[in-house]
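Note that ligands are numbered from 1 as they come in the structure, with each ligand's atoms numbered from 1 the same way. Quick note: residue numbers are just sequence positions, from 1. Note that the structure is predicted; figures quoted are calculated from it, not measured.
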Amino acid sequence: MEINKERDIKSMTLPELKQSLAHLTVDGKPIPAYRAGQLCHWLHVSMIRSFDECTNIPKDLRSVLGENYDLVTLREIDRQISRIDGTQKFLFALPDNNLVESVFMRYKFGNSVCVSSQVGCRMGCRFCASTLNGWERNLTPSEILDQVYAISRATGESISHVVIMGTGEPLDNYRNVIRFIRLLTDENGRNLSQRSVTLSTCGIVPRIYDLSREGLEITLAISLHATTDEKRRKIMPVAEKYTIAELMQAARAYYTATGRQVTFEYSLIRDVNDSEKDARELAALAHPIRAHVNLIPVNPVAERGFKEPTNEAARSFAGKLEKSGIHVTIRREMGRDIDGACGQLRRRHLSSGDSGLSSS
Ligand code: SAH
């Protein structure tokens with residue numbers, strides 16, 4: 001089933017919902033305006049899966065809602081639970097039966113969900129599994145939101161943090177991702193703090209400038225992975241379009257406009273970008289805008305052939321950055337015992353031909 005914007009109630013803000021309801025009638029009578037607020041609460045706070053759950057809304061209005069709107073809810077197809085740290089990887093079916101992955105992680109500071117923003121990806125980063133099958137389509141705001149809601153429902157846990165770091169390039173689905181962030185942090189909905197949302201991009205420079213003008217307080221993470229244009233072009237096709245100098249200027253603009261410390265993500269790949277020279281150059285890029293550096297030992301993807309550095313090499317790389325005064329963390333690998341890198345759970349299902357959808 002394709003998602004029609006006019007019917008996609010979960011992608012609507014409260015004012016839009018009010019406006020949309022104003023065009024409808026129940027038994028020839030208009031729908032009172034306060035119903036929009038009630039409905040918004042059911043959709044985003046109670047996270048309903050059917051209009052029948054709206055117990056304070058009369059039955060005849062519920063059936064009008066059912067006729068006029070689609071309630072986008074994702075179906076859980078598979079779930080892997082890590083025995084090591086409780087990380088849970090979900091594989092969801094979208095209304096059109098495409099598959100996406102999302103991850104639930106427990107941290108000391110709260111529970112975090114990593115969401116996908118596209119079915120597949122067209123950025124082509126050489127080390128990434130999400131891009132191997134190419135790009136299929138953009139997700140709607142409701143499809144991104146329901147990854148958070150479905151996980152909250154399935155685990156019974158509240159979610160305090162959301163990272164847009166799953167499959168897809170969020171700035172390549174700009175409008176829907178911004179709307180998703182606004183809905184997620186809307187005081188009429190889950191009211192998540194904007195500061196608890198992180199958007200990770202491979203570096204689409206013009207969209208970073210756009211983002212800096214949205215008035216959002218989210219954390220921007222930039223996938224840097226190399227310190228020279230020549231090396232970056234070898235692993236990230238997006239580097240053919242934008243130079244590191246241009247990317248750094250955009251990062252500075254974001255930092256200046258929002259006051260939010262920018263994160264540089266840097267996947268450490270053995271013998272590719274883990275030398276002392278790389279560390280020096282990375283420090284020189286991070287220093288002027290006081291960026292935080294998050295080192296990710298590369299997660300080997302069978303089709304890619306990149307190797308992760310040894311623990312000592314990663315620690316020594318981090319040590320060199322710290323010595324230069326850079327705030328650096330090494331990303332703790334979550335759920336090591338379950339299908340590793342982003343996109344691998346979905347790939348396993350796609351390649352086995354088992355879409356898990358026979359029950360639909
Ligand atoms: N498209 C966005 C978000 C998706 S990936 C982006 O590029 O930022 C989230 C992060 O994981 C990115 O930094 C990405 O480069 C990194 N990543 C992807 N595959 C990886 C792998 N196999 N090992 C380590 N990091 C990987």
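Within 6.0 Å of NE2 in H287 there are 12 or fewer heavy atoms belonging to other residues, nucleotides or ligands. Under a cut-off of 6.0 angstrom, the local environment of NZ in K320 is crowded, with over 12 non-hydrogen atoms contributed by other residues, nucleotides or ligands. Within a 6.0 Å radius of CD in Q19, other residues, nucleotides and ligands contribute 12 heavy atoms or fewer. Heavy atoms from other residues, nucleotides or ligands lying under 6.0 Å from CZ of R290 number 12 at most. Heavy atoms of other residues, nucleotides or ligands lying less than 6.0 angstrom from CD of Q261 number more than 12.
With G168, G203, A221 as candidates, the residue nearest to atom 1 (N) of ligand 1 on a non-hydrogen basis is G168. For the residues P170, S117, G166, A129, the heavy atom positioned nearest atom 4 (C) of ligand 1 is part of G166. Between H225, Q118, E265, it is H225 that holds the heavy atom closest to atom 14 (C) of ligand 1. The residue among S223, S200, S116 with a heavy atom at the shortest distance from atom 2 (C) of ligand 1 is S200.
Per-residue contacts place M165 under 4.0 angstrom from the following atoms of ligand 1 (heavy atoms of the residue considered): 4 (C), 5 (S), 9 (C). Taking every heavy atom of N299 and a limit of under 4.0 angstrom, the matching atoms of ligand 1 come to 21 (C), 22 (N), 23 (N), 24 (C). Those atoms of ligand 1 with a heavy atom of C202 less than 4.0 angstrom away are 6 (C), 7 (O), 8 (O). Every atom of ligand 1 is numbered from 1 in the order shown, and the set under 4.0 Å from a heavy atom of C128 is 18 (C), 19 (N).
Aromatic ring orientation, Y149 versus H44: perpendicular (interplanar angle above 60°, classes split at 30° and 60°).
Between D210 and R207, at least one side-chain nitrogen of the basic residue sits less than 4.0 Å from a carboxylate oxygen of the acidic one, meeting the salt-bridge criterion. Using a 4.0 Å cut-off between charged side-chain N and carboxylate O, R137 and D96 make a salt bridge.
Not a single donor-acceptor pair under 3.5 Å links the side chain of S116 to the backbone N or O of Q118.
Under 4.0 Å from ligand 1, not a single heavy atom of M123 appears. Counting heavy atoms under 4.0 Å from ligand 1, residue S267 touches it through the side chain alone. In E169, the parts holding a heavy atom less than 4.0 Å from any atom of ligand 1 are both the side chain and the backbone. When non-hydrogen atoms are compared, ligand 1 lies under 4.0 Å from neither the backbone nor the side chain of I222.
Residue P297 has no nitrogen or oxygen atom sitting less than 3.5 Å from a nitrogen or oxygen atom of ligand 1, judged on distance alone.
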